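This structure is a prediction, so every number in the text was calculated from the model and none was measured. Heavy-atom basis, side chains included; hydrogens, waters and symmetry copies ignored.
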Amino acid sequence: MGGTGDRRLTTGHGAARLPFFVYGTLRPGEPNHAAYLHGRTAAEEPALLPGAVLYDGPGYPYAVEASGAGPVRGELVTALPAAHDRLLVALDLLEEYVPGDPRNLYERVARDVVRPDGTAVRAWVYVAAPRLAAGLRASGTVIGGGDWASHRLGR
């Protein structure tokens, strides 16, 4: 794999300008929200990711896709148009996501998330990569209710 410059070329160009569904440290009030999202968003609203289970990871959560499961609770974040491409690159770097890299901990996938009014919106979601997802299914700790913020505060 190439260095950071190569990663930026493979992630920032040609990707759909979808909103982002965040469920962990990027949610409002969490440590990475101010560092990555502050001043770069046009809208942030509660949303649910159906078909996924939330697992506790070392310091952050992982959404693992599971048909009929969930939902995972989070926020639907719409980037300012001028900030979208840079934000996509920044989030890919934060999540250490490189398209096609088998060492990824997360994969960025387009999934439907549900707003409070019931409408579905296609969004980018970082879910556990297949290798990691298999390990979490086998021996991970599920976060009941699918809500990282409530889980973290309840520790």
Task: Inter-residue atom distance L26.CG - Y60.OH, 0.5 Å rounding - done: 12.5 Å

Please output the side-chain donor-acceptor pairs of residues 45-52 that fall under 3.5 Å, not counting sequence neighbours, one pair per line with the distance.
| from | atom 1 | to | atom 2 | distance (Å) |
| --- | --- | --- | --- | --- |
| E45 | OE1 | R115 | NE | 3.3 |
| E45 | OE2 | R115 | NE | 3.0 |
| E45 | OE2 | R115 | NH2 | 3.4 |

TODO: Given side chain to side chain contact (heavy atoms under 4.5 Å, CB included), test L88 with R108 step by step and report yes or no.
DONE: CA-CA 10 Å; L88 180 66; R108 178 172 34 88; 3.5 Å; yes

Task: Pairwise distance CG(L76) to CD(E44) - rounded to 0.5 angstrom - done: 9.5 Å

- [ ] Test Y55 against I143 for side chain to side chain contact (heavy atoms under 4.5 Å, CB included), laying out the working first.
- [x] CA-CA 5 Å; Y55 285 87; I143 295 174; 5.9 Å; no

Open item on the list: Would you say W148 ends up clustered with V114 if hydrophobic residues are merged whenever their side chains have heavy atoms under 4.5 Å apart, either directly or through other cluster members?
Closed with: no

Open item on the list: Looking at every non-hydrogen atom in both residues, tell me the closest pair between V53 and V142 and how far apart they are.
Closed with: CG1-CG1, 3.7 Å

Open item on the list: So, using side chain to side chain contact (heavy atoms under 4.5 Å, CB included) as the criterion, who are the partners of L80 when residues are at least two apart?
Closed with: A42, A83

- [ ] List the atom of Y106, the atom of Y23, and the distance in Å for their closest heavy-atom pair.
- [x] CE2-OH, 3.5 Å

Open item on the list: I'd like to know if the side chain of N104 and the backbone of D101 have a donor-acceptor N/O pair within less than 3.5 Å.
Closed with: yes

- [ ] Begin from the C-alpha positions of F20 and L87 and carry the test side chain to side chain contact (heavy atoms under 4.5 Å, CB included) through to its verdict.
- [x] CA-CA 10 Å; F20 300 90; L87 184 56; 3.9 Å; yes

Donor-acceptor pairs under 3.5 angstrom involving side-chain atoms of residues 120-132: please list them, not counting sequence neighbours.
| from | atom 1 | to | atom 2 | distance (Å) |
| --- | --- | --- | --- | --- |
| R122 | NH1 | D112 | OD1 | 3.4 |
| R122 | NH2 | A110 | O | 3.3 |
| W124 | NE1 | A16 | O | 3.0 |
| Y126 | OH | D92 | N | 3.3 |
| Y126 | OH | D92 | OD1 | 2.5 |

Which pairs of donor and acceptor atoms, one on a side chain in residues 61-71, lie under 3.5 Å apart (sequence neighbours left out)?
| from | atom 1 | to | atom 2 | distance (Å) |
| --- | --- | --- | --- | --- |
| E65 | OE1 | R111 | NH2 | 3.3 |
| E65 | OE2 | R111 | NE | 2.4 |
| E65 | OE2 | R111 | NH2 | 3.3 |

- [ ] Write out all pairs satisfying salt bridge (charged side-chain N to carboxylate O under 4.0 Å, His left out) with one or both partners inside residues 21-30, taking only residues at least two apart or from two chains.
- [x] R27-E75, R27-D147, E30-R152

Task: Test item: side-chain donor near acceptor, T25 and N32, under 3.5 Å - done: yes

TODO: Keeping the roles fixed (side chain from H84, backbone from R40), state whether a donor-acceptor pair exists under 3.5 Å.
DONE: no

Task: For R17, all residues meeting side chain to side chain donor-acceptor pair (under 3.5 Å), sequence neighbours excluded - done: D85

Open item on the list: Would you compute the distance between atom CG of L18 and atom OG1 of T78 and round it to the nearest 0.5 angstrom?
Closed with: 10.0 Å

